[in-house]
Amino acid sequence: MASQIRIDRMLSNLGYCTRKEAKARARDGRILNKGILVTDVSAHADPHDIVMDDEPLDHPDGIYIALNKPAGLVCSHETRDGTNVYSLLPWQWLMRNPKVSSVGRLDKDTTGLLLITDDTAFVHRMISPIHHVKKVYLVELDKHPDDSLIAQFASGTILLEKETKPCKPAGLKILGNRQCEVTLLEGKYHQIKRMFEAFGYSVTKLHRQTFGNLSVDGILEGQYVEFDPKSV
Ligand code: URA
């Protein structure tokens with residue numbers, strides 16, 4: 001967030017209240033700027049200097065969380081698509097502008113690492129194909145994969161239905177009975193499921209283990225931790 005911003009807009013963007021309510025809160029003496037009562041919410045201030053109801057503002061520099069997504073939740077904001085991952089977050093975060101959004105999406109039945117932020121520029125950087133952010137998935141298949149799939153995935157020639165460009169080379173390691181690890185540098189719709197389907201396999205479980213330098217290890221299912229965007 002810019003260092004100086006109108007106080008009413010700041011409170012509204014951080015999900016506290018509408019701009020009109022900000023005026024009423026100032027009138028009630030609930031807002032301080034550098035320890036001095038705010039009387040004019042159209043004044044500009046640094047969010048780090050504002051105290052509301054005796055508390056500093058929540059995450060004035062943006063929200064960056066790494067969630068271990070459970071199965072059964074969707075990444076869409078549309079509630080008609082089912083319960084979404086945002087239901088796991090504090091309600092005030094959901095009132096922020098820009099909205100908190102996932103960095104790319106995981107399918108409803110996919111588990112594992114999902115980054116969520118209100119930093120739209122960060123989202124665009126992370127999902128842009130030019131940045132090649134590496135994602136590692138653990139995959140369980142309906143039958144044991146043939147070794148020939150390793151070269152197929154690495155070839156950069158798999159053309160999925162309704163796509164105009166082939167998938168970028170992907171890493172495939174066969175781990176054990178029906179288990180493998182896939183590394184992607186992109187994120188097409190249902191990409192891993194469709195890549196295996198192209199060779200007659202079905203994915204029976206899918207879990208994202210890492211996203212860039214971040215890992216889901218140590219995060220309990222349904223829980224999240226904060227991360228430093230510079231570390232990704
Ligand atoms: N590939 C898929 O098929 N689904 C996901 O959720 C992620 C990658």
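Not measured: the values here are computed from a predicted model. Order of listing sets the numbers, starting from 1, for every ligand and every atom in it.
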>> Within the supplied structure, the quantity of interest is the number of heavy atoms (other residues, nucleotides, ligands) at a distance under 6.0 Å from Tyr189 OH; does it exceed 12?
In response: no

> Can you list the atoms of ligand 1 that are under 4.0 Å from a heavy atom of Gln191?
Replying inline: 1 (N), 2 (C), 3 (O)

>> Do His59 and Glu226 pair up side chain to side chain, a donor and an acceptor below 3.5 Å, judged on atom types alone?
In response: yes

> Does Leu206 reach ligand 1 with a nitrogen or oxygen that is under 3.5 Å from one of the ligand's nitrogen or oxygen atoms?
Replying inline: no

> At what distance is the nearest protein heavy atom to atom 7 (C) of ligand 1, and which residue and atom is it?
Replying inline: Tyr137 CE2, 3.7 Å

> For Lys193, is at least one N or O under 3.5 Å away from an N or O on ligand 1?
Replying inline: yes

> Strictly under 4.0 Å, does any heavy atom of Tyr189 approach an atom of ligand 1?
Replying inline: no

> Thr110 heavy atoms, cut-off 4.0 Å: which ligand 1 atoms fall inside?
Replying inline: 4 (N), 5 (C), 6 (O)

> N/O of Asp107 under 3.5 Å from N/O of ligand 1, yes or no?
Replying inline: yes

> What protein heavy atom sits nearest atom 1 (N) of ligand 1, and how far away is it?
Replying inline: Ile192 N, 3.1 Å

> For the residue pair Ala170 and Met195, what are the closest heavy atoms and their distance?
Replying inline: CB-CE, 3.9 Å

> Is a donor on one side and an acceptor on the other found under 3.5 Å between the side chain of Gln152 and the backbone of Leu149?
Replying inline: no

> Between His190 and ligand 1, does any nitrogen or oxygen pair lie at a separation below 3.5 Å?
Replying inline: yes

>> Using modelled atom types and a 3.5 Å cut-off, is there a donor and acceptor pairing between side-chain atoms of Tyr224 and backbone atoms of Tyr64?
In response: no

> Is the Phe227-Phe122 ring centre distance short of 6.0 angstrom?
Replying inline: yes

>> So if I apply the side chain to side chain contact (heavy atoms under 4.5 Å, CB included) rule between Tyr86 and each of Thr79, Ile116, Val74, which one comes out positive?
In response: Ile116

